[in-house]
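Residue indices begin at 1 and follow the sequence shown. All figures in this text were calculated on a predicted structure; none of them were measured in a lab.
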Amino acid sequence: MPQKLAADAGCASEHAAKANRQRAHTRIVRISSYSVAGVLAVLMTTATLPPLLADQSDRAVINAPITLLTAPIAGEVTDLLGRVGQRLEPGQAVAYLHNGRVDRSTLIGLDSKVDELQGSLVAAREKKESDLRYIAALDGEIRQQTEQMVARLQGEVAEARARVSSADAEGQSTKAVVDRQQSMVDRNTASIDLLRPTQHKLEAARFDKDAETAKLNQKLSQLDGVKKSVFVGNELNSLAVLAQKRRDLAFDAQRLAIEESQLAASLKAQKMLLGAEKKRLDSLTDAQMRAMNGGVVMNLGVAPGRHVNPGDSVATLIDCDQAFVVGIFSYRQAQDLAVGTPVRISGSDPDGPRRGTVSEILPKTSDKTDEQYAVPFPQTERREMYVLVSLDRDGAARPAASALAPTQSSPCSVGQWVTITRENSWLPSASVAWKTVADGMSGKEMGNALSAVAGTASSASAAVMRGVTSPEAKEAWGAVSSGARRTANLVTNGVSALVESVSSPKVTDPAQADERNRRRAENAH
C-alpha cells in the first residue's frame with residue numbers, strides 16, 4: 001500500500017512537472033510569435049507609413065546650376081589657368097587656345113586685290129593731276145593769246161573806224177562837188193556830162209563807207225567774241241584749237257575724278273573685308289576662354305598641350321551662389337511643404353544644420369533639365385515629388401577656397417546626400433531614425449551592445465530549439481495549429497453567412513433551408 005501511494009505521488013508529481021514544462025514552452029512559443037509579429041509590424045510600419053507622412057527625408061542631394069565652357073576653335077591648349085575647386089571672378093581667364101593651321105588663302109586674295117586697287121587709284125589720281133596741270137598751262141596760254149588778240153583787234157577796230165571816217169569825209173567832199181556841178185548844170189553854165197562822173201564817184205564813196213563800216217562791225221564782233229572766249233575766224237583758229245584741247249582735257253579730268261571715287265569706294269570696301277578676314281583669322285588662331293559669369297571650377301576636361309575641336313568641353317563651372325537642395329517627398333506632404341516653408345538641412349556642414357526655404361515643387365524632371373545642373377535629380381517612385389530648397393544666404397554665401405576643403409568631395413558639396421527636415425516637424429523618417437541610432441552607438445558602447453545582443457540571441461535560440469524539439473512543444477504547436485484552423489473556419493463561415501444574408505433573399509422554403517445548411521457545412525469542412 002505505501003508503495004502504491006508512493007508510485008501515485010511520483011506519477012502525480014511527474015504529471016505536474018510535465019504540465020509546467022508544457023505551459024513554459026507554450027509561453028515561449030507565444031512570446032516568440034508575438035516578438036516576430038511585432039518586429040514585422042514595426043518594419044512594415046517604418047517602411048510604409050513614414051515615407052508617406054514623414055516631415056523628414058534623407059533622399060536629398062545638394063545641387064547647383066552649371067556652366068559648360070566649350071572650345072570655340074580647333075587648336076592646342078597652350079595654358080590652363082583654372083584649377084578644380086578654384087573660384088573664378090566674372091571675366092577671369094580659364095584657358096588659352098592656339099591654332100597654327102588656319103587657311104589664309106582668302107586673306108591672301110583680299111590682300112592682293114587691295115594692292116591692285118591701291119595701284120589703280122594712285123595711277124588715276126596722278127593722271128588726273130597731270131591733266132589738271134596741263135589744263136592750267138593751256139589756260140595760261142589761251143589767256144596770253146587772248147590778250148594779244150584783243151589788243152590786235154582793238155587796233156584793227158580803231159583802224160576800221162578811221163577808214164570809215166575817211167570814207168565819210170571823202171563822200172562829203174564828193175557830194176559837195178556834185179552839188180556845185182548840179183547847180184552849174186541847172187544854170188546852164190556846165191554840161192550834164194560833167195556831172196555824171198562826179199555822181200558816180202559819190203556813189204563809190206558811199207559804198208566805200210559801207211564797206212569800211214562792215215569791216216568795223218566785224219572787228220567789233222570778233223573783239224566781243226574773243227573777250228567771251230568764243231574764237232571764230234581764220235585769225236582765231238589757233239585759239240579755237242587750244243580751247244578745244246582744254247575742254248577735252250577737262251572732260252578727261254572729270255572722268256578720272258569719277259574713276260578715282262569708284263576706286264576709292266572699292267578700296268574702302270576691300271579694306272573692310274580684309275580687316276574682317278584678319279579679325280576672323282585672329283579669332284581662329286588664338287582664343288581666350290573666360291568665365292563670363294564666374295563660378296567654381298568643378299572639373300577640367302583638357303590638359304596643357306592637348307588638341308581640342310570646336311565644341312569640346314574644356315571646363316565645367318558651378319554657380320555655388322545658386323546652390324540648392326533637391327529632396328524627394330510624398331505627394332501627401334505637398335500642403336505642408338508649400339513654397340516658402342522653412343526647413344533644416346543636416347549632413348552637409350560639420351558646424352550643424354543649415355537653414356533653408358522651399359523654393360519650388362516639381363512633379364517630375366527630364367534629361368534636358370538634368371543637363372543644366374551638376375548632378376541629376378534622384379529617381380522618384382510612384383506618388384512622389386521633388387522639393388527644391390534654397391539655402392539661406394547667411395549659411396550659403398561662404399568664400400570658396402582655391403582647393404577643396406578636407407570634408408568636401410566636390411565644390412560647394414555638390415552631390416552630397418543630406419537630410420531635409422521641416423521646421424516644427426513631429427513625424428521623423430524611419431531610415432533617418434535608425435541611422436541616427438546606429439551613428440550614436442560607437443566604440444565600447446557598440447561592442448557591449450553587440451555582445452549583449454549576441455548573448456541574448458544565443459540564449460533565446462537555444463531555448464527555442466529545446467522547446468521546439470520537445471514533445472510538449474509539438475503538442476503545443478498542434479494545439480495552436482488546430483486552434484488557428486478552427487478560427488479560420490469560424491471566420492470563413494461568418495463571412496459566408498454575412499455575404500449570403502446580404503446578397504440572397506430571405507428563405508422560407510424548408511427544402512431551400514436544408515440546401516443552404518448543407519452548403520454551409522461543406523464550406524466549413
Distance-only, no hydrogens or angles: does the N63 side chain make a donor-acceptor pair with backbone N or O of F324 under 3.5 Å? no
Check whether any side-chain heavy atom of S266 sits under 4.5 Å from a side-chain heavy atom of L121, and report yes or no. no
Measuring from atom CG of L97 to atom NE2 of H307, what distance do you get when rounded to the nearest 0.5 angstrom? 10.0 Å
For T357, does its backbone N or O pair with a side-chain atom of S390 as donor and acceptor, under 3.5 Å? yes
Nearest heavy-atom neighbours spanning A71 and M289: N-CE, 4.1 Å
Report yes if some heavy atom in the side chain of V94 is under 4.5 Å from a heavy atom in the side chain of L88; otherwise report no. yes
Could R306 and E76 be called an ion pair, given the rule that one side-chain N must be under 4.0 Å from one carboxylate O? no
Does a side-chain heavy-atom distance below 4.5 Å link V77 with Y96? no
Can you tell me how far OH of Y373 sits from OG1 of T365, rounded to the nearest 0.5 angstrom? 9.5 Å
Could you please spell out the steps behind the side chain to side chain contact (heavy atoms under 4.5 Å, CB included) verdict for Q118 and L267? CA-CA 7 Å; Q118 285 180 344; L267 180 61; 3.5 Å; yes
Any heavy-atom pair between the side chains of P65 and Q322 that's under 4.5 Å? yes
I66 side chain near L317 side chain, heavy-atom distance below 4.5 Å: no
Apply the test side chain to side chain contact (heavy atoms under 4.5 Å, CB included) to residues M385 and S330: give CA-CA distance (whole Å), side-chain angles for both, the deciding distance (0.1 Å), then the verdict. CA-CA 6 Å; M385 65 181 181; S330 172; over 6 Å; no
CD1/I361 to CD/Q333 distance, rounded to the nearest 0.5 angstrom? 10.5 Å
Exceeds 12 heavy-atom contacts within 6.0 angstrom, atom CG of D336: yes
Is there a donor-acceptor pair under 3.5 Å between the side chain of D312 and the backbone N or O of N309? yes
Check whether any side-chain heavy atom of Q416 sits under 4.5 Å from a side-chain heavy atom of V61, and report yes or no. no
Report all side-chain donor-acceptor pairs from residues 104-115 shorter than 3.5 Å, counting only partners two or more places apart or in another chain.
from, atom 1, to, atom 2, distance (Å)
S105, OG, D103, OD1, 3.2
S105, OG, D103, OD2, 3.3
S112, OG, I108, O, 3.3
S112, OG, G109, O, 2.7

Please report, to 0.1 Å, the donor-acceptor pairs under 3.5 Å made by any side chain of residues 272-287, with sequence neighbours excluded.
from, atom 1, to, atom 2, distance (Å)
E277, OE1, R280, NE, 3.2
E277, OE2, R280, NH2, 2.7
S283, OG, K279, O, 3.4
S283, OG, R280, O, 2.6
T285, OG1, L281, O, 2.5
D286, OD1, H98, ND1, 2.7

Considering only heavy atoms from C-beta outward, does the side chain of V389 approach that of I345 to under 4.5 Å? yes
Report yes or no: do N299 and T316 form a side-chain donor-acceptor pair below 3.5 Å? yes
Start with the C-alpha distance between I258 and S261, add both sets of side-chain angles, then the distance that settles side chain to side chain contact (heavy atoms under 4.5 Å, CB included), and finish with yes or no. CA-CA 5 Å; I258 297 173; S261 301; 5.7 Å; no
Less than 4.5 Å apart, any side-chain heavy atom of K128 and any of E260? yes
Where V414 and A374 come nearest, the two heavy atoms and their spacing: CG1-CB, 3.3 Å
To the closest 0.5 Å, what do you measure between CG (L337) and CZ (R422)? 6.5 Å
Chi angles and distances behind the side chain to side chain contact (heavy atoms under 4.5 Å, CB included) call for V325, I420: CA-CA 8 Å; V325 179; I420 300 177; 3.6 Å; yes
Point-to-point distance, once rounded to the nearest 0.5 Å, from CD of E360 to CG of L388: 5.5 Å
Would R59 and E384 satisfy salt bridge (Lys or Arg N to Asp or Glu O under 4.0 Å), going step by step from the backbone distance to the final call? CA-CA 11 Å; R59 297 168 62 191; E384 290 182 341; 2.8 Å; yes
Can you list everything that forms a ring pair (Phe, Tyr, Trp, His ring centres under 6.0 Å) with Y386? Sequence neighbours excluded, please. F377
Quick one: closest heavy-atom pair of R290 and A93, and the distance? NH1-N, 3.9 Å
V302 and S313 have their tightest heavy-atom pair at CG1-O, 3.9 Å
Distance col, row Q288:CD vs D79:CG, nearest 0.5 angstrom, shows 10.0 Å
Check L300 against G82 and note the closest heavy-atom contact, atom names and distance. CD1-O, 3.3 Å
What one should report as the nearest heavy-atom pair of R354 and L391 is NH2-CD1, 3.5 Å
